[in-house]
A.B. asks: 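Sharing a structure below in structure tokens format, with a few things to ask.
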Amino acid sequence: MMKQTRCYGCDKPIEPEWLPEGEFIVCDECSLDTDKLSVEKLQEIRVEELKDFNSKLLQAELKNQKLQEQLDTAKKALTEIRANIEEHNQIYDLSVDTALLLEGIDGIAFDALAAIGGDDD
């Protein structure tokens with residue numbers, strides 16, 4: 001135990017008190033300041049920070065889910081475009097210009113699927 005005679009915060013003289021090692025006493029003025037950052041207050045702040053973090057994390061997860069849905073929709077559309085082009089090339093007697101146009105579109109769809117990690121047969 002130690003005898004403390006000065007405020008730990010501002011070093012003002014105070015009534016001597018015997019305290020266990022590791023504990024400190026502060027004057028009334030410093031006590032008001034210290035109360036602002038008491039353990040309970042810090043825990044409340046921490047809880048609010050965790051709530052904010054969880055809220056941001058949930059928003060990010062929802063945004064990620066929406067982006068994944070959009071990506072899946074784009075992959076499906078590009079895959080269907082390629083399948084339709086292949087079907088039309090096999091079934092219909094297309095003019096050279098139309099066949100070249102469809103080949104160009106197929107190439108664009110193929111490259112897009114490759115870029116986003118889709119099935120690029």
Side-chain angles (χ1 to χ4, degrees):
M1 293 179 88
M2 66 180 220
K3 187 175 182 181
Q4 183 179 348
T5 59
R6 297 189 104 32
C7 173
Y8 181 71
C10 66
D11 205 34
K12 286 183 186 174
I14 55 172
E15 289 293 318
E17 257 185 73
W18 290 96
L19 299 169
E21 286 294 324
E23 290 189 23
F24 303 94
I25 198 162
V26 293
C27 67
D28 290 338
E29 291 173 28
C30 290
S31 178
L32 293 174
D33 292 340
T34 303
D35 184 49
K36 292 177 186 173
L37 293 176
S38 67
V39 172
E40 294 82 18
K41 299 268 186 201
L42 290 173
Q43 287 174 340
E44 289 174 18
I45 291 169
R46 184 67 178 140
V47 167
E48 289 303 314
E49 287 175 349
L50 287 173
K51 285 180 184 177
D52 289 345
F53 176 77
N54 286 339
S55 175
K56 289 177 184 175
L57 183 61
L58 180 59
Q59 289 173 358
E61 287 175 1
L62 291 173
K63 184 175 182 178
N64 186 46
Q65 183 179 6
K66 183 173 179 149
L67 289 172
Q68 186 61 50
E69 290 171 2
Q70 291 172 336
L71 182 63
D72 291 343
T73 301
K75 284 181 183 180
K76 182 178 177 186
L78 290 167
T79 302
E80 288 178 15
I81 288 169
R82 293 197 72 221
N84 286 336
I85 288 172
E86 185 177 330
E87 180 182 334
H88 279 76
N89 278 338
Q90 292 174 356
I91 295 175
Y92 300 106
D93 186 21
L94 303 173
S95 70
V96 174
D97 289 340
T98 304
L100 288 173
L101 176 65
L102 290 177
E103 282 182 33
I105 294 171
D106 183 55
I108 292 168
F110 178 87
D111 292 344
L113 281 169
I116 61 176
D119 298 329
D120 48 307
D121 302 350

A.B. asks: Kindly state each residue pair satisfying ring-ring contact (aromatic ring centres under 6.0 Å, His included) with at least one member in residues 63-91, sequence neighbours excluded.
C.D. replies: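 Checked against ring-ring contact (aromatic ring centres under 6.0 Å, His included) - neighbours excluded - the pairs reaching residues 63-91 are His88-Tyr92.
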
A.B. asks: Return all side-chain donor-acceptor pairs below 3.5 angstrom for residues 49-73, not counting sequence neighbours, or 'none' if the list is empty.
C.D. replies:
from: Asn54; atom 1: ND2; to: Leu50; atom 2: O; distance (Å): 3.4
from: Gln68; atom 1: NE2; to: Asp72; atom 2: OD1; distance (Å): 3.0
from: Thr73; atom 1: OG1; to: Glu69; atom 2: O; distance (Å): 2.9

A.B. asks: How long is the span from the CG atom in Leu78 to the CG atom in Asp106, to the nearest 0.5 Å?
C.D. replies: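 Taking CG in Leu78 and CG in Asp106, the distance rounds to 10.5 Å.
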
A.B. asks: Specify the closest pair of heavy atoms between Gly117 and Lys75, including all atoms of both residues, with the distance to one decimal.
C.D. replies: O-NZ, 3.7 Å

A.B. asks: CD1/Ile81 to CD1/Ile105 distance, rounded to the nearest 0.5 angstrom?
C.D. replies: 8.0 Å

A.B. asks: Kindly indicate, with the supporting measurements, whether the criterion side-chain contact (heavy atoms from CB on, under 4.5 Å) is fulfilled by Asn84 and Glu87.
C.D. replies: CA-CA 5 Å; Asn84 286 336; Glu87 180 182 334; 4.3 Å; yes

A.B. asks: Using 0.5 Å steps for rounding, measure from the CG atom of Leu102 to the CG atom of Asp97.
C.D. replies: 11.0 Å

A.B. asks: In the single-linkage hydrophobic clustering (I, L, V, M, F, W, Y; side-chain heavy atoms under 4.5 Å), do Ile108 and Leu100 co-cluster?
C.D. replies: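 No; Leu100 is not reachable from Ile108 via cluster members.
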
